There are 2 protein chains.
Amino acid sequence: MAHNEVFQYSIISALMDGVASHGTPIARVLEHGDHGLGTFRNMVGEMIVLDGQVYQMKADGSVVHIADPEATVTPFATVTRFRPTTATRATVVGKAGVEALLTGLFPQARNHFIAVRMDGVFRTVNVRTAGGQLRPREGMVDVCARQTTHTFEGVKGTIVGFRCPEYVMGINVAGDHFHFISEDRQRGGHILAFETEGDVDIGAAQMSKFHLELPTEDEEFNEATLKLQAQRIKAVEG
Amino acid sequence: MAHNEVFQYSIISALMDGVASHGTPIARVLEHGDHGLGTFRNMVGEMIVLDGQVYQMKADGSVVHIADPEATVTPFATVTRFRPTTATRATVVGKAGVEALLTGLFPQARNHFIAVRMDGVFRTVNVRTAGGQLRPREGMVDVCARQTTHTFEGVKGTIVGFRCPEYVMGINVAGDHFHFISEDRQRGGHILAFETEGDVDIGAAQMSKFHLELPTEDEEFNEATLKLQAQRIKAVEG
């Protein structure tokens, strides 16, 4: 796969329906990208893929580097072989700030995807981490009802994320979706809110090609109804 | 691209919003598949791709073989490099009949794609053909309000089509979507209803990989809101 194309394994509606017992080895996902987001089997923790390295950010606050991507499975992940086409420095206040920034940088991307990365010092980063399913097929809304939240202050680190166009809602999350990991790789999670400490380095790329691989020989996936639950996806992932 | 993977250019919601002034050369689409459906610039006629040959089925009833796919543009097409994994013979009555048949052949495909082809004699085939936009950005509902319908009886020919899972509605058409062309390549269109004359040959394949290429440098596409209009898509394409 060329640079700046989206590769995705499974769909977000499958997580909503609790389809997370199986998946694909993370090594298969890394063949398609070095930058991205996802989760792990049974939705235990948040995944961030940064420079081709995969980290599992757990609800107890710990971060595990996935040393063997062949032996670890993901039920949902989105990655790209990231090569930023635009680089800038800016002070960003919250998700509204990054939304305005990306829209300004990419006026032709209303119906395209955008990959983004921000490196620098953050005044605050508020994250959540999903602790995992209590039983097979437990849906993401219930899993996230038990999420742990952490707030980091004055932390150096990296935000990795994507903007997806509205019409992919249900397949992925429409709008902006970011994960954070600290420079020391000890803290991180799914971003609820953040604010930079002055300017940070921002790299981004517009993407017009989307590759979706669906789970096969997966009875949970086959049985799921996968109805669009746009409001509930926004509530847990927006 | 390997066999039995879906390649799609643009999304059906773009046609709903009347995005059809530009597109990609059909030759680019044929690099990804030899079997499929689509339309032409300004929604003039119905496209069928059969054994790598492309035909434009027009509202006046004529069928044009696209001799130069490099010089002809499509604003929306779905194809696969079709290699049927299942072959059978059956009598099929209507879209309900093919729906039951495919569900029986592929019990594990509830949330996957299916490509299908039927060859034989049809007692009746009722088709529509879209005549094209009267102005740029005229939406598909208005275009199809002027559609021409034809009924063929005792005609030998081929049905080409796809089943798409529910969750792709808006990106493609959820459910079954078929086009027909006669063996003499003189008649055809988008199928509204059909019935076989006894058994026909049926080939089909389940597909779990979906590749989407979005229009680039296309102001119409960038400006379109592409809101999901599920009921209206069902009305004109279902």
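Side-chain atoms are counted along with the backbone in the values below, which use heavy atoms only and exclude waters and symmetry mates. In the text below, chain A, chain B and the rest are named by the order of the sequence lines, each starting its count at 1. Here the structure is a predicted model, which is why all the values come from computation and not from measurement.
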* To do: Pick one of side chain, backbone, both or neither for B:P215, based on which atoms fall under 4.5 Å of a heavy atom in chain A.
  => backbone
* A:E166 versus B:T225: any side-chain heavy-atom pair under 4.5 Å? -> no
* Please flag which part of A:T216 lies under 4.5 Å from any non-hydrogen atom of chain B: side chain, backbone, both or neither. => both
* To do: Measure the NZ-CD distance between B:K209 and A:E213 for me, rounded to the nearest 0.5 Å.
  => 4.5 Å
* Would you call the rings of B:F221 and A:H112 parallel, tilted or perpendicular if under 30° counts as parallel and over 60° as perpendicular? -> tilted
* Closest-packed option against chain A by number of heavy-atom pairs under 4.5 Å, given B:K227, B:E223, B:Q8 -> B:E223
* Structure fact -> Per-residue tally against chain B (heavy atom, under 4.5 Å) across A:D218, A:L228, A:I11 peaks at A:I11
* Asked: If contact means a heavy atom pair closer than 4.5 Å, which residues of residues 103-111 of chain A contact chain B?
  -> A:P107, A:Q108, A:A109, A:R110, A:N111
* If you count the non-hydrogen atoms of other residues, nucleotides and ligands that lie under 6.0 Å from CZ in A:R146, is the total more than 12? -> yes
